[in-house]
There are 2 protein chains.
Amino acid sequence: MVCDDGCVHPPRDLDELMSRARALEGVALSELMDVSGLAVRTKGKAGEAMERALGATGVGASLDFPELGVELKTIPVEPDLKPRESTFVCAVALAHADREEWDDSWVKRKLSRVLWMPIVHEAALRRVGRAVLWAPTEEQTCILQADFEEILGAIAIGGIEGVTAHMGRWLQLRPKAADSHARALALGPDDALIETVPRGFYLRSRFTGAILRDPSATP
Amino acid sequence: MVCDDGCVHPPRDLDELMSRARALEGVALSELMDVSGLAVRTKGKAGEAMERALGATGVGASLDFPELGVELKTIPVEPDLKPRESTFVCAVALAHADREEWDDSWVKRKLSRVLWMPIVHEAALRRVGRAVLWAPTEEQTCILQADFEEILGAIAIGGIEGVTAHMGRWLQLRPKAADSHARALALGPDDALIETVPRGFYLRSRFTGAILRDPSATP
DNA sequence: TAGGATCCAGCTTTGGATCCTT
DNA sequence: AAGGATCCAAAGCTGGATCCTA
């Protein structure tokens, strides 16, 4: 499972992926990565450590395991599995939000099958929790699609500034200020193009928390 | 309009009621009641002062102006009309929530016509704001009814403990802990009767704030 | 610049607790 | 006990700000 240079080979199938994921349960994060620099210095690193540990192959704007159709999401949780944050899904194409369709959206593709790897935060210690492989049920897909369409519809009607993070039952749109000085072109009122902060789709923690407990839940 | 003992006679019709209500605009609360005892000692008193000032006649479980079909609600707001609190409507009959019907509910009756008297809080001063006479539009009634039925349905299915204040777009159910030690009998899971804190229906401030600005709004 | 994931100040909401009058 | 309304600590949510790697 490990080649000469310390890399993990890609999993051949879902079973192998899940065996690896389950084998990581209980492992301290410090065993998978360098956690020196303490606390503040781990943004995004846990996700990358998990990708390496599981043998993810995806690059750029693709899934983490393209052959298996699986997206990997590392999610920080409390000991009771309550997520500490909402989960980023993907950026939104602000400039032509009016022609987006659910069926060929990145949101739908990314969420069609997700391997959730909880990282349990307990005081200073962080451990891998129980992995969950999830594909949305039909009912869940309907609600996600409705959220998606509500948000894009609102952009089309009132422009991006009329959209708030209150919209959407499970999916919401929020600033994705990777570079807080960045500006993107977006649809404003009256079809004008305006500059605004880049935004992304996020899953509310009420929903991701429910998935971790029961993958077919509808909170 | 004032009889010998300082009482205000009841208004004969809606016009008279509204004239009085509008005449109170800008009046400091200290002119209508004793505000000594400062701040903490005014719970419910502003509402009673307003009843007296307008000549309300209702007693017990009835409307404030039974002949006019009007319920009076005194509501604390910020200078920009944003309500400081949700608004209590009435208690819920916890013991037989399963047989309640919207059409003969107290919620519907109390909300069929409301005279809103905002009390504008600005620093230490409190003044009467602009009165609003409101009756729900057909659309608003539909949403209120849907909220009511969602909440009562949830009680019927999962018992009172399964109902949270998150339910309902405009109407919500919350503890009505007038006496925090009080307990009421309510439907629990499996149709058992359990003891619980008394609860009441409240209107969210998102909704009451919208009514004050535009009585036909659907926030 | 894109992907991946936290961090956090400040505001809002929940779930009661309190207070007064009839 | 019911009607009327306010107070508040703690939890949750919004709207960004930050940080790292490729």
inquiry  = Please classify the nucleic acid contact of B:G47 as base, sugar-phosphate, or nothing, using heavy-atom distances under 4.0 Å.
reply    =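 The answer is sugar-phosphate, as B:G47 gets under 4.0 Å only of primed atoms, P, OP1 or OP2.
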For the pair made of [atom1] in [X] and [atom2] in [N], what is the distance, rounded to whole Å?
{"X": "B:H121", "N": "D:dA5", "atom1": "NE2", "atom2": "P", "answer": "12 Å"}
{"X": "A:M33", "N": "C:dA5", "atom1": "CE", "atom2": "C1'", "answer": "11 Å"}
{"X": "B:E48", "N": "D:dA2", "atom1": "CD", "atom2": "P", "answer": "17 Å"}
{"X": "B:L72", "N": "D:dG4", "atom1": "CG", "atom2": "P", "answer": "9 Å"}
{"X": "A:R174", "N": "C:dG10", "atom1": "CZ", "atom2": "C1'", "answer": "14 Å"}
{"X": "A:R183", "N": "D:dG15", "atom1": "CZ", "atom2": "P", "answer": "15 Å"}
{"X": "A:R199", "N": "D:dG15", "atom1": "CZ", "atom2": "C1'", "answer": "9 Å"}
{"X": "A:M117", "N": "C:dT6", "atom1": "CE", "atom2": "C1'", "answer": "18 Å"}

Going by the rule side-chain contact (heavy atoms from CB on, under 4.5 Å), which residues pair with [X] if we only count those two or more places apart in sequence or in a different chain?
{"X": "B:P215", "result": "B:V132, B:W134"}
{"X": "B:L63", "result": "B:E71"}
{"X": "B:S62", "result": "B:P66"}
{"X": "B:A154", "result": "B:V163, B:M167"}

key: Residues forming a salt bridge (Lys or Arg N to Asp or Glu O under 4.0 Å) with A:E31, sequence neighbours excluded   =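 Salt bridge (Lys or Arg N to Asp or Glu O under 4.0 Å) list for A:E31, sorted by chain: empty.
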query = Do the side-chain N or O atoms of A:K45 get closer than 4.0 angstrom to the phosphate oxygens (OP1, OP2) of C:dT6?
reply =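 Answer is no, no contact under 4.0 Å.
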All N/O donor-acceptor pairs, side-chain side in residues 80-89 of chain A, below 3.5 Å, sequence neighbours left out:
unit_1, atom_1, unit_2, atom_2, d
A:D80, OD1, A:K82, N, 3.1
A:R84, NH1, A:E78, OE2, 3.4
A:S86, OG, A:R174, NH1, 3.0

Residues touching DNA chain D, which here means a heavy atom under 4.0 Å, drawn from residues 155-172 of chain B =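 Correct list: empty, so none.
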query = So which of residues 200-210 of chain B are in contact with DNA chain C, with a heavy-atom cut-off of under 4.0 Å?
reply =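 Per residue number, the list reads B:R204, B:R206.
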query = Near DNA chain C, which residues from residues 76-90 of chain A have a heavy atom under 4.0 Å away?
reply =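 Of all residues in residues 76-90 of chain A, the ones placing a heavy atom under 4.0 Å from DNA chain C are A:P76, A:E85.
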task = Return each pair, listed once, that meets ring pair (Phe, Tyr, Trp, His ring centres under 6.0 Å) where at least one residue sits in residues 45-79 of chain A; pairs must be two or more places apart or across chains.
result =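 For residues 45-79 of chain A, and leaving out neighbouring residues, there are no ring pair (Phe, Tyr, Trp, His ring centres under 6.0 Å) pairs at all.
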key: Residue whose nearest DNA chain D nucleotide is more 5′ - A:G44 or B:E51   =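 Residue closer to the 5' terminus by nearest nucleotide: B:E51.
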task = Please collect all side chain to side chain donor-acceptor pair (under 3.5 Å) contacts where either partner lies in residues 154-168 of chain A, sequence neighbours excluded, each pair once.
result =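 For residues 154-168 of chain A: A:E161-A:T196.
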inquiry  = Ignoring hydrogens and geometry beyond distance, is the side chain of B:K176 in donor-acceptor contact with the base of C:dG15 at under 3.5 Å?
reply    =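 In this structure, the two groups form no donor-acceptor pair.
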ask   = Which one of A:F148, A:Y202, A:F207, A:F201 satisfies the ring pair (Phe, Tyr, Trp, His ring centres under 6.0 Å) criterion with A:W170?
value =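 Exactly one pass, corresponding to A:F207.
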task = Tell me, yes or no, whether the heavy-atom count around A:R206 atom CZ, taken from other residues, nucleotides or ligands under 6.0 Å, exceeds 12.
result =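 Counting neighbours around CZ of A:R206, 12 or fewer heavy atoms of other residues, nucleotides or ligands fall under 6.0 Å, so no.
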Please report, to 0.1 Å, the donor-acceptor pairs under 3.5 Å made by any side chain of residues 110-121 of chain A, with sequence neighbours excluded.
unit_1, atom_1, unit_2, atom_2, d
A:S112, OG, A:R109, O, 3.1
A:R113, NH2, A:L68, O, 3.0

inquiry  = Please check this pair: side chain of A:D147 against backbone of A:G168, looking for a donor-acceptor N/O pair closer than 3.5 Å.
reply    =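 Side chain of A:D147 to backbone of A:G168: no pair is present.
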